[in-house]
4 protein chains.
Amino acid sequence: MAKQPDPARRSQRSRQAILTAARELITEMGYAKLSIEAIAARAGVGKQTIYRWWPSKGAVVLDAFLALSEAGPEQDMALPDTGDLEADLKVVMRATVAEFADPAFEAPIRALNTEIINDPALAAQYQEKLAGPVDEAKKERLRSAQRAGQLAAGADLDLALELLYAPLYQRWLLRSGPLTPQYADALVDAFLKAMGPDIDASTH
Amino acid sequence: MAKQPDPARRSQRSRQAILTAARELITEMGYAKLSIEAIAARAGVGKQTIYRWWPSKGAVVLDAFLALSEAGPEQDMALPDTGDLEADLKVVMRATVAEFADPAFEAPIRALNTEIINDPALAAQYQEKLAGPVDEAKKERLRSAQRAGQLAAGADLDLALELLYAPLYQRWLLRSGPLTPQYADALVDAFLKAMGPDIDASTH
Amino acid sequence: MAKQPDPARRSQRSRQAILTAARELITEMGYAKLSIEAIAARAGVGKQTIYRWWPSKGAVVLDAFLALSEAGPEQDMALPDTGDLEADLKVVMRATVAEFADPAFEAPIRALNTEIINDPALAAQYQEKLAGPVDEAKKERLRSAQRAGQLAAGADLDLALELLYAPLYQRWLLRSGPLTPQYADALVDAFLKAMGPDIDASTH
Amino acid sequence: MAKQPDPARRSQRSRQAILTAARELITEMGYAKLSIEAIAARAGVGKQTIYRWWPSKGAVVLDAFLALSEAGPEQDMALPDTGDLEADLKVVMRATVAEFADPAFEAPIRALNTEIINDPALAAQYQEKLAGPVDEAKKERLRSAQRAGQLAAGADLDLALELLYAPLYQRWLLRSGPLTPQYADALVDAFLKAMGPDIDASTH
DNA sequence: CTGTAACCGAGACGGTACGTCCGGTCTTCCA
DNA sequence: TGGAAGACCGGACGTACCGTCTCGGTTACAG
């Protein structure tokens, strides 16, 4: 049986240095140029220390982002809730569009996706640790809308999130079209038509 | 000025051998293990012959798929059109779900996406050569539905395709949820609610 | 000032385990594969325990052999003395040839020499602790021969030993020729011609 | 079957750079600090180019010395022959003693021996390419002495060389005693007693 | 029909990074 | 407080590929 390292003796100093170095290198040079060797050198750490604690380069990158979330535990992940679902969603979607246009976000997110696509284990980690909590916050807003009668009561919230976000995400990831505020609005409009309150109810 | 190779003298024998080798290696060993050296060796070709005609590994992979389409020029890309949009779309979407479940499709498509995410030039090629024609066929079916009054007349067809396909594609790519026939149906239902014929018209 | 470990508190259990492990590993895998890590692991000892008590890998190896000698303190290092120098030397030299042919002797002695060649401090230790006593026993036999008039009275015994042994040792170490009983005899013959009783004296 | 590199396509430029770098690094930093990486870096060469053409570090070092000999093909390996064997040998042996005292000779020769001791294949190469020719030159001088009646006619010249050189070489290699001109003379005296013209013939 | 210029296969080359191993130091915890 | 355990930084190992280059050989167009 292979010997497992003892997490109790792990150097937190090295861990933070590695994650920080990984984040810096990704933004500086892009994911293609990211190497374990460079991370170790930048972090002032032996390569073995990386291999001891992470199974792959992708795992390091994922952890580098998880560490950010941990840093600010009470992240402002909660979506705005003014009572007007359409307005709130348009604000959020336009913000997302703006975020994707920021070059500083490009490299790391593309890096993460490159790894996730080809590594199921990493994808599971990603869903559980990063995407999950964010999606939960979004669903919470939708549940609030359901209570307010602004969203079909029986709507599948997973599908709802996908309807809203997947088109936007795909355009960005595959660069298959322009990301504009108008596009964000159009997505919200379509989403509300598909998932809005039952029409029968309103005709009464 | 750098000398350009003369396409007229290009060896079609080598070209086919390279594309075939690329396809075989991707399915056999996955994209991560794919190397130019391996392609050249398998194809019985000098490395320079690859570098002469393709700018990157991703370009070879893309070409390997384009070549498949060229093989059957009059691909049955046209969607079924029985006159019943909902039924036709559900057939198509269920077929797509089934296709994505086929392990033989996994490796190559993931490979292609890995490259496209990080290479804008390749993404453009992909859109133009592979995705474009397919999307056009899909749009043609939607236009037919518009003429039949089964789809909003002013609907943005690009957005329409994204609403239909992006959720499915994202689930598959990021493994963020199960791909079932029911899911396909639900997507069509949501799509038709969002993009179906204008309600105002029917209430008058 | 660096702190020196206190020899009084040294664990004899660890010391023996380390020396035994070193000996075993050398015979099993040869000197090239010998590492401090492997010795520590085999001995069930922390690496620091080795570094605390020995300055170099070579020192451990040397000690591993010294420990053997200590084990049997009254080693039968004394050479046979039947009164017939030529016969006695031939017996001894033939035995040495046989010893060198034993594969079990190969690895350790070559290991020791590898270290000694490049480490003067170790060489001094080797001369003092291992080679010295053995050479002294050999010289004692030669002194006996001098007393018996079978060896030149004024012979330099250090040179004498080198004449006898260095050719044999060099052949073995550098594999520059075959080691046979005949070769052993020839060496003794040459040695006795060079160092035997003065001819002038006998002719008078 | 493993593929062998094609010697015809070997870059002589790289070969020379590697051998020169190896020689320089050995003298500068000693053999212990010599690494393939350092040789490659100093030579401005990829590591693979070294691994392609040499099976081990020792083989590179050996070649580095062989290349020196090739450079001056008609090396002045021939020993002086004034007709007086004793005088000639004492000159040669004193010169050898002086040579061994030169620190510039130390590192490389010890390096070579370290490798040879543990690598039979390398030892064979060494005997054939380096030691062999030198020994042949020495034997030639001894044959001349035999013709002149200054050496026993039936003497085994291999053994003769060992009697002369092995003691000296062993003292130097193992640092087991001082190397002085007097020692050189004593060796020649002993050698001539052992191997000089037959005494019986002269007494008749 | 014959240069001659290009592509072609092969593969050596200078490099980068891989993932592993070990050297030597430092730290933690046990006896 | 010595020793076991082992994490740590550093750095060499030998391998796999990268993208460039040079080498003959073999087309195939031009004179």
Side-chain angles (χ1 to χ4, degrees), chain A residues 3-11 13-14 17 33-41 43-53 55-57, chain B residues 3-11 13-14 17 33-41 43-53 55-57, chain C residues 3 5-11 13-15 17 33-41 43-53 55-57, chain D residues 3-11 13-14 17 33-41 43-53 55-57:
Chain A
K3 200 145 12 135
Q4 298 302 325
D6 177 359
R9 312 192 56 179
R10 182 167 190 179
S11 159
R13 202 171 153 286
S14 296
K33 293 284 176 189
L34 183 68
S35 68
I36 299 257
E37 205 132 288
I39 296 175
V45 141
K47 278 197 290 178
Q48 200 61 54
T49 302
I50 299 183
Y51 286 111
R52 182 154 35 228
W53 300 109
S56 68
K57 190 168 63 175
Chain B
K3 204 166 341 160
Q4 298 302 326
D6 176 0
R9 311 192 58 172
R10 182 170 189 178
S11 159
R13 199 170 156 287
S14 296
K33 294 284 177 189
L34 183 67
S35 69
I36 300 258
E37 296 230 339
I39 296 174
V45 140
K47 280 198 290 177
Q48 196 60 251
T49 303
I50 298 183
Y51 286 111
R52 180 154 34 229
W53 300 110
S56 69
K57 188 170 65 175
Chain C
K3 208 178 321 173
D6 176 1
R9 312 194 57 172
R10 182 169 189 179
S11 158
R13 198 171 155 287
S14 295
R15 179 169 181 271
K33 294 284 176 189
L34 183 68
S35 68
I36 299 258
E37 296 230 336
I39 296 175
V45 140
K47 279 199 289 178
Q48 196 56 251
T49 303
I50 299 182
Y51 285 111
R52 184 152 33 227
W53 299 109
S56 70
K57 189 168 64 175
Chain D
K3 200 142 13 131
Q4 298 302 327
D6 177 359
R9 311 191 57 180
R10 182 167 189 180
S11 160
R13 201 171 154 286
S14 296
K33 294 284 176 189
L34 184 67
S35 68
I36 300 256
E37 295 231 304
I39 296 175
V45 142
K47 277 198 290 177
Q48 200 59 50
T49 302
I50 299 183
Y51 286 111
R52 183 154 34 230
W53 301 110
S56 68
K57 190 168 62 175

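Since this is a predicted model, take the numbers as computed values, not measurements. Residue numbers begin at 1 in each chain, while the letters A, B, ... track the order of the sequences.
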side-chain contact (heavy atoms from CB on, under 4.5 Å) involving Arg10(B) - partner list, sequence neighbours excluded: Gln12(B), Arg15(B), Trp53(B), Trp54(B)
Qualifying residues under salt bridge (Lys or Arg N to Asp or Glu O under 4.0 Å), relative to Lys47(D), sequence neighbours excluded: Glu37(D)
Applying side-chain contact (heavy atoms from CB on, under 4.5 Å), name anything that partners Ala43(A), two or more places apart in sequence or on another chain. Ala17(A), Ile18(A), Ala21(A), Val45(A)
Of Gly46(D) and Arg13(B), the one whose nearest nucleotide on DNA chain E sits closer to the 5' end is Arg13(B)
Only counting residues at least two apart or in another chain, list the ones meeting side-chain contact (heavy atoms from CB on, under 4.5 Å) with Ala38(D). Leu25(D), Ser35(D)
For nucleotides 29-31 of chain E, give me every protein contact, N/O to N/O, under 3.5 Å, one pair per line with atom names.
none

Where is the tightest heavy-atom contact between Ser14(D) and Thr49(D), given as atom of each residue plus distance? CB-CG2, 4.3 Å
Can you check nucleotides 29-31 of chain F for protein contacts, nitrogen or oxygen pairs under 3.5 Å, and list what you find?
none

Phosphate OP1/OP2 of dA12(E) contacted by Ser14(D) side-chain N/O (<4.0 Å): no
Give Arg10(B) one of three labels, base, sugar-phosphate or nothing, depending on what nucleic acid heavy atoms sit under 4.0 Å from its own. sugar-phosphate
List the residues meeting side-chain contact (heavy atoms from CB on, under 4.5 Å) with Arg13(D), not counting sequence neighbours, and say none if there are none. Ser11(D)
Minimum heavy-atom distance Lys57(A)-Leu34(A), with the two atoms named: NZ-O, 3.1 Å
Are any protein N/O atoms closer than 3.5 Å to N/O atoms in nucleotides 12-15 of chain F? If there are, list each pair with its distance.
residue: dC13(F); atom: OP1; partner: Ile36(D); partner atom: N; Å: 2.9
residue: dC13(F); atom: OP2; partner: Ile36(D); partner atom: N; Å: 3.1
residue: dC13(F); atom: OP2; partner: Glu37(D); partner atom: N; Å: 2.9
residue: dG14(F); atom: OP2; partner: Tyr51(D); partner atom: OH; Å: 2.6
residue: dG14(F); atom: O5'; partner: Tyr51(D); partner atom: OH; Å: 3.4
residue: dG14(F); atom: N7; partner: Lys47(D); partner atom: NZ; Å: 2.9
residue: dG14(F); atom: O6; partner: Lys47(D); partner atom: NZ; Å: 2.7

State which residues pass side chain to side chain donor-acceptor pair (under 3.5 Å) with Ser56(B); sequence neighbours excluded, sorted by chain then number. none
